[in-house]
Each structure stands twice: as C-alpha cells, then as structure tokens.
Amino acid sequence: MADILYKYKDSVYANITNKCNCSCTFCIRSLKDGVGSADTLWHQQNPTTEEVLKAIRDYDFEGFDELVFCGYGEPTCALETLLAAAKVAKEEKNLRTRLNTNGLGNEENGRNIVPEIAKVIDAVSISLNAPDSQKYSEVTRPKYEGAFDKMVDFATKCKEEIKDVKWSIVDVLPEEDIAKCKALSESTGIKLRIRHFT
C-alpha cells in the first residue's frame, strides 16, 4: 500500500491522489516509485477523504510545523480531500499548510477554487516549468488548451488572496529560459524559486 504521509527533507508531505492533468517530461514519478521516507507513492486506489484524515490525525508531527500537499499526483484533482485535510491539519494539528500544484486546479474543477483554498492553505508553490505557452506545452504536456495562460491566471488569483505564493522551476532548464522565467516573475510580482532536479 502506498504511503499517504511521508517525510522528505525537513517536511511532511501528503500524497492524496495519483491523478494528474499533466504529463511532465521531467516528472520524478516516471523515474522511481518513492521519494523520501516513502517506498512507494503509487496508490493502487486513491485514498478516500476519510483515510487521508485518519492518516493526519494518527501521525506524530513532533518536530514538524508544516504539511505539504504534494505526492505522485496533482492535489487539486482531489479538491474535496485537499480542503478537508488542510482544515484538519490547521485546526487539529496546528500545522502550516502548503500546496504544491501545477496551477490548473481551476480548469480541473470548472470554477475558481482559489477562495476555497485560501481558507485552509497558507502557502502555494506553482510549477512554472517554462517561460512561454509553447515551451510549457512541450514540457508539461497538459490536457487543457491554453494551459500556460490558465496557470498564470491561477497564480495571479492566488497572489490576491494568499500571502505566500511562489512559482518554481527546475534547474535543468536552459539558462535563457530561466532568465525569461525570472522576467515573468518580476513582471507579475510572484517570487520564483529555482529547485534542484533530483
């Protein structure tokens, strides 16, 4: 059975679904079954909301102050579970909550989900992955048309309602693309984090 909660570096992560609406060329789940303390993050069947809530309630978070929603799927593809789990993490475990996302949750759910997320999520990290629509489509291979612009719109909406919002890219991008991502970051006022690809 796949881990619902696992440790990676200095944080505890919640792996609430394997469903994803992208197929990124660099996705770590195509390279190995698990990350951090998890032997496998591949659910045979996605966990129910109740199973996720039980995992959080039963987990010993001593030494940790944050729960990050990021596993082998896109957390906003399991929105109701995400919202319920983040609420329990904050209210019952007194944890800071962070969402790592591809930024396509509004498309996935057919509405602007940012106001709902803002009630229970303290920080959002959005995978930028590329500096423009064409390269984004080539690298991310999303299932939605115009996904780059929709991701940027989601990031902008998050910035309006959530204090801590960042874009992230991996350091395997060409220097020219990294420079363009930095320019986009500056023009939108959304901070950019460059992650080491492992």
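Every value quoted in this text rests on a predicted model; they were computed, and no experiment measured them.
Residues forming a side chain to side chain contact (heavy atoms under 4.5 Å, CB included) with Glu108 (at least two apart in sequence, or on another chain): Lys19, Asn21, Cys77, Lys143, Tyr144. Remark: Arg57 engages Glu92 in a salt bridge (Lys or Arg N to Asp or Glu O under 4.0 Å) (not counting sequence neighbours). Under the salt bridge (Lys or Arg N to Asp or Glu O under 4.0 Å) criterion, Lys191 pairs with no residue at all, not counting sequence neighbours. Checked against salt bridge (Lys or Arg N to Asp or Glu O under 4.0 Å), Lys87 has the following partners two or more places apart in sequence or in another chain: Glu91. Remark: Tyr59 engages Phe61 in a ring-ring contact (aromatic ring centres under 6.0 Å, His included) (not counting sequence neighbours). Checked against side chain to side chain contact (heavy atoms under 4.5 Å, CB included), Ala86 has the following partners two or more places apart in sequence or in another chain: Phe69, Thr97, Val120, Ile121. Scanning for salt bridge (Lys or Arg N to Asp or Glu O under 4.0 Å) contacts around Asp58 gives Lys54, with sequence neighbours left out. Under the rule for a side chain to side chain contact (heavy atoms under 4.5 Å, CB included), the partners of Lys150 that lie at least two apart in sequence or sit in another chain are Leu104, Glu107. Scored by the side-chain hydrogen bond (donor to acceptor under 3.5 Å, both in side chains) test, Arg96 finds Glu66, Asp164 as partners (sequence neighbours excluded).
Between Ile190 atom CD1 and Cys158 atom SG the span is 8.0 Å, to the nearest 0.5 Å. In this structure, Glu138 CD and Cys24 SG are separated by 13.0 Å, a value rounded to the nearest 0.5 Å. A distance of 11.5 Å separates CG of Leu5 from CG of Asp60, quoted to the nearest 0.5 Å. Within the model, atoms OG of Ser185 and CD1 of Ile169 stand 9.0 Å from one another, a figure rounded to the nearest 0.5 Å. Considering CD of Glu50 and OG1 of Thr81, their distance stands at 8.0 Å, rounded to 0.5 Å. The OG atom of Ser168 lies 7.0 Å from the CG atom of Asn100; values are rounded to the nearest 0.5 Å.
With Asn106 contributing its side chain and Ile113 its backbone, the two residues share a donor-acceptor pair below 3.5 Å.
Contact annotation: the side chain of Leu99 approaches that of Thr76 to within less than 4.5 Å [non-hydrogen atoms, C-beta and beyond]. Between Leu192 and Lys166, every side-chain heavy-atom pair lies at or beyond the 4.5 Å cut-off. Using a 4.5 Å heavy-atom cutoff, the side chains of Asn112 and Lys157 are in contact.
The 12-atom threshold is exceeded at CG of Asn109, counting heavy atoms of other residues, nucleotides or ligands nearer than 6.0 Å.
Residue Ala78 comes nearest to Ile16 through the heavy atom pair O-CD1, 4.0 Å, listed as atom of the first residue, atom of the second, then distance.
Here ring-ring contact (aromatic ring centres under 6.0 Å, His included) pairs that include residues 80-138, with residues two or more places apart or in two chains, are Tyr136-Phe148. Screening residues 76-125 for ring-ring contact (aromatic ring centres under 6.0 Å, His included), with sequence neighbours left out, gives no hits.
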Worked verdict on Leu82 versus Glu116 for side-chain contact (heavy atoms from CB on, under 4.5 Å): CA-CA 10 Å; Leu82 168 64; Glu116 298 165 76; over 6 Å; no

Criterion side-chain contact (heavy atoms from CB on, under 4.5 Å) on Leu67 and Ile56, from CA distance to verdict: CA-CA 9 Å; Leu67 180 61; Ile56 293 171; 3.9 Å; yes

Glu74 and Thr101: CA distance, side-chain angles, deciding distance, side chain to side chain donor-acceptor pair (under 3.5 Å) verdict: CA-CA 6 Å; Glu74 165 54 40; Thr101 177; 2.7 Å; yes

Full working for side-chain contact (heavy atoms from CB on, under 4.5 Å) between Asn129 and Met151: CA-CA 11 Å; Asn129 295 330; Met151 178 272 300; over 6 Å; no

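The only member of Asp149, Val165, Ile117 that meets side-chain contact (heavy atoms from CB on, under 4.5 Å) when paired with Phe154 is Ile117.
For the residue pair Asn102/Ser127, the side-chain donor-acceptor check at 3.5 Å is not satisfied.
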What pairs of donor and acceptor atoms, side-chain ones from residues 176-184 against any protein atom, are under 3.5 angstrom apart with sequence neighbours left out?
from	atom 1	to	atom 2	distance (Å)
Glu176	OE2	Lys180	NZ	3.3
Asp177	OD1	Lys135	NZ	2.7

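Ring orientation note: the planes of Tyr8 and Tyr13 are nearly perpendicular, at an angle over 60° on the 30°/60° scale.
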